[in-house]
Amino acid sequence: GERGDWQTDHTRIKSGSLLRANGGYVVIDALDMLVEPAVWPALKRSMRHATVEIQAFDPYFFMSGVSLKPEPVPIDVKVVLIGTPQIYSLLCAVDEDFHKIFKIKADFANETPLSDDELLNYAHLVSNRCAQEKLPAFHRDAVAVVVEHGMRLAQDQRKLTTRFTDIVDLVRESGYWAQRQRAKLVRATHVRRALEQQTRRVDLIEELLQQRIAEGTVLIDLVGAKIGQVNGLAVLDVGDHVFALPMRITATTAMGRAGIIDIDRESALSGSIHVKGVLILSGFLRDRFARDKPLTLTASLSVEQNYGGIEGDSASAAELFALLSSLARIPLNQGIAVTGSINQRGEIQPIGGVNEKIEGFFDLCRAVRPRGPNGVIIPRRNCHQLMLREDVVQAVKARRFHVWAVDTVEEGLLILCDRSVGERGRDGVFPPDSLFGRVDEELRRLATEVGRFGVADLGTGR
């Protein structure tokens, strides 16, 4: 007005989304609803009383007056909230009215089972996107690479991802590279070029860490054989990129009663799941070697040059191999990396990030170019998740790189040391020159010798 105050009249009243959806449905993003002031209380009030009040939007509505107040309007509308599981859990925890108003929950999976119908849907998705954005048509070999990428995102050969935003981005970038080369069709090479560029844009940290290994700042052996030492594989997630790097795992054993000491745990650099994996090692040793004698030793395990913490039990198999190597004084092949968790029975259990771990070790071996066989030992139960890059697949076919799948500790040791592991005979004794035979002999010696010195002379290492 003339005095600078606000003026309005009934012609300026406008209906909102909830009122316009009267008699039908309205879909609301839960995050947008929660960040806007007073939207959540107003929505609850409307749903509870089946009416909607038209109010002026004012960021400072707590201090503002009301010039027009239309009567509440009866509504009959279905409200659908979409959001993440974290937002759903938050609303369940902090608002007791949430379950009373929104009674039905629907979860949407991130992947779908692989089938002929889903393959056709992927082809339709690619075709529709090409038509909408005027991209060159995709050859069937290019569509096949897109489907393979969908399986890789799902981390399962039997499933396809439903993260269609990522698939559409890949289609768009593949079309760009085809147009740049003036190709009439998008071929598999264009799709792989797009995938390489997607990784190249975000892999700076991975590249720097690999350079530190190649120049010797981070100590990793890729040739020869050493006692009590093995290469494990750690997965790093930097938000927009997930990759793996090898980490040296070492073990030492000596006389004492302290048991297995996890150096990372003692220095507060390991999480609870990693601690559980280390504790399982003692259970395995008792099951295999302590039925006829006490388990008396002091051993220490360490993930070398770990300064930022470590979590997960996928290194427990590698830690066990290093421990057994130290006890038996038998060296392990340093050109082979190990991933997998174990249970107390010695079974190798599946882990996450198997593709990233194999490719991370492959990239390091390709950069350093060590002499001798290189490869990765993985749990056999992870085989259906293998969706490796094309260069890794070709290297495996040419026997320049190897992937071994194992079910038990014995199978893994046989690959690492190329030596008989040994099984108990009818007399309950391991063959004397086998790996388990030498471990059993060493544990028996430690249990016998420890009594000669007395408990007071043996530190716990704590």
Side-chain angles (χ1 to χ4, degrees), residues 111 122-123 125-126 129-130 133 135-157 159-161 163-214 233-246 337 352-369 374-376 385-398 400-403:
E111 61 272 336
Y122 256 63
L125 175 65
V126 173
R129 183 55 55 176
C130 291
E133 302 195 10
L135 300 173
F138 273 57
H139 190 273
R140 60 184 180 183
D141 61 6
V143 177
V145 178
V146 173
V147 171
E148 288 179 0
H149 185 62
M151 297 164 67
R152 179 182 173 91
L153 292 178
Q155 297 186 0
D156 198 321
Q157 297 174 1
K159 296 180 181 179
L160 287 169
T161 185
R163 292 159 49 185
F164 295 120
T165 300
D166 295 335
I167 299 300
V168 168
D169 289 342
L170 177 60
V171 171
R172 186 180 296 113
E173 293 184 34
S174 303
Y176 164 79
W177 288 111
Q179 290 175 332
R180 185 169 178 175
Q181 296 181 3
R182 301 184 183 277
K184 295 182 178 180
L185 294 175
V186 178
R187 301 301 298 260
T189 54
H190 300 130
V191 182
R192 294 194 178 100
R193 176 73 179 275
L195 289 172
E196 291 173 0
Q197 292 301 315
Q198 285 182 353
T199 302
R200 178 63 179 168
R201 291 194 294 267
V202 296
D203 70 344
L204 176 61
I205 295 178
E206 179 183 9
E207 182 179 335
L208 293 176
L209 291 176
Q210 286 189 352
Q211 288 179 359
R212 292 176 62 189
I213 296 176
L233 294 166
V235 174
L236 286 77
D237 188 345
V238 294
D240 53 2
H241 184 48
V242 179
F243 62 96
L245 285 174
V354 63
N355 293 299
E356 290 81 1
K357 290 178 178 179
I358 294 173
E359 291 168 356
F361 193 66
F362 172 81
D363 290 338
L364 178 63
C365 292
R366 183 171 57 181
V368 178
R369 298 183 181 276
N374 295 104
V376 179
Q385 297 176 338
L386 290 178
M387 292 299 302
L388 298 169
R389 294 192 321 244
E390 182 66 19
D391 54 345
V392 182
V393 173
Q394 294 303 323
V396 171
K397 287 182 178 180
R400 298 192 307 272
F401 193 77
H402 305 273
V403 178

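One-based numbering along the sequence shown.
Leu209 is listed as a side-chain neighbour of Leu236, based on a closest heavy-atom distance under 4.5 Å. Using a 4.5 Å heavy-atom cutoff, the side chains of Lys357 and Val376 are not in contact. A heavy-atom distance below 4.5 Å is found between the side chains of Val146 and Val126. Looking only at side-chain heavy atoms (C-beta outward), Leu170 and Val145 stay at 4.5 Å or farther from each other. Looking at heavy atoms from C-beta onward, Val168 lies in side-chain contact with Leu125 at the 4.5 angstrom threshold.
For the atom pair CZ (Arg152) and CD (Gln157), the distance works out to 12.0 Å, reported to the nearest 0.5 Å. The structure places CG of Asn374 at 13.0 Å from CZ of Arg366, a figure rounded to the nearest 0.5 Å. Atom CZ of Arg192 sits about 11.0 Å away from atom OG of Ser174, to the nearest 0.5 Å. Note that the CG atom of Leu195 and the CD atom of Gln198 stand 5.5 Å from one another [nearest 0.5 Å]. Between the CE atom in Met387 and the CG atom in Leu153 there is a gap of 9.5 Å [rounded to 0.5 Å]. The distance from the NZ atom of Lys184 to the NE2 atom of His139 is 14.0 Å, given to the nearest 0.5 Å.
Residue-environment remark: CG (Leu185) exceeds the threshold of 12 foreign heavy atoms within 6.0 Å.
By the salt bridge (charged side-chain N to carboxylate O under 4.0 Å, His left out) test, Arg180 is found to be paired with no residue, residues two or more places apart in sequence or in another chain being considered. Under the rule for a side-chain hydrogen bond (donor to acceptor under 3.5 Å, both in side chains), Tyr122 has no partner lying at least two apart in sequence or in another chain. A search for side chain to side chain contact (heavy atoms under 4.5 Å, CB included) contacts involving Arg400 returns Ala395, Ala398, not counting sequence neighbours. With sequence neighbours left out, the side-chain hydrogen bond (donor to acceptor under 3.5 Å, both in side chains) criterion links Asn355 to no other residue. Legend: residues meeting side chain to side chain contact (heavy atoms under 4.5 Å, CB included) with His241, ordered by chain and number and at least two apart, are Thr199, Val202, Asp203, Glu206, Val238, Phe243. Under the salt bridge (charged side-chain N to carboxylate O under 4.0 Å, His left out) criterion, Arg172 pairs with Glu133, Asp169, sequence neighbours left out. Take Arg201 and apply the side-chain hydrogen bond (donor to acceptor under 3.5 Å, both in side chains) test, not counting sequence neighbours, and it matches Glu173. With sequence neighbours left out, Ala178 forms a side chain to side chain contact (heavy atoms under 4.5 Å, CB included) with Pro136, Ala183, Val186, His190. For the salt bridge (charged side-chain N to carboxylate O under 4.0 Å, His left out) test, no residue two or more places apart in sequence or in another chain qualifies with Glu196. The side chain to side chain contact (heavy atoms under 4.5 Å, CB included) test applied to Leu204 returns Leu208, not counting sequence neighbours. Evaluation of the side-chain hydrogen bond (donor to acceptor under 3.5 Å, both in side chains) rule for Arg182 yields no partner, not counting sequence neighbours.
When every heavy atom of Gly150 is checked against every heavy atom of Ile167, the shortest pair comes out as CA-CD1, 4.1 Å. When every heavy atom of Gln210 is checked against every heavy atom of Leu364, the shortest pair comes out as NE2-N, 4.1 Å. The two residues Arg389 and Glu359 have their closest heavy-atom pair at N-OE2, 3.0 Å. Among all heavy-atom pairs drawn from Cys130 and Val171, the shortest one is SG-CG1, 4.3 Å. Of all non-hydrogen atoms in Gly375 and Phe361, the two that sit nearest each other are O-CE2, 3.3 Å.
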Fill in: Pair Val392-Val403, side chain to side chain contact (heavy atoms under 4.5 Å, CB included): steps then yes or no
CA-CA 10 Å; Val392 182; Val403 178; 5.7 Å; no
Item to complete: Using the side chain to side chain contact (heavy atoms under 4.5 Å, CB included) rule, take Ile358 and Leu388 through it: C-alpha gap first, then chi angles, then the decisive distance, then the call.
Response: CA-CA 8 Å; Ile358 294 173; Leu388 298 169; 3.9 Å; yes
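Within the structure, salt bridge (charged side-chain N to carboxylate O under 4.0 Å, His left out) contacts touching residues 138-147 (residues at least two apart or in different chains) are Asp141-Arg187.
By the 30° and 60° cut-offs, the orientation of the rings of Phe401 relative to Phe362 is perpendicular.
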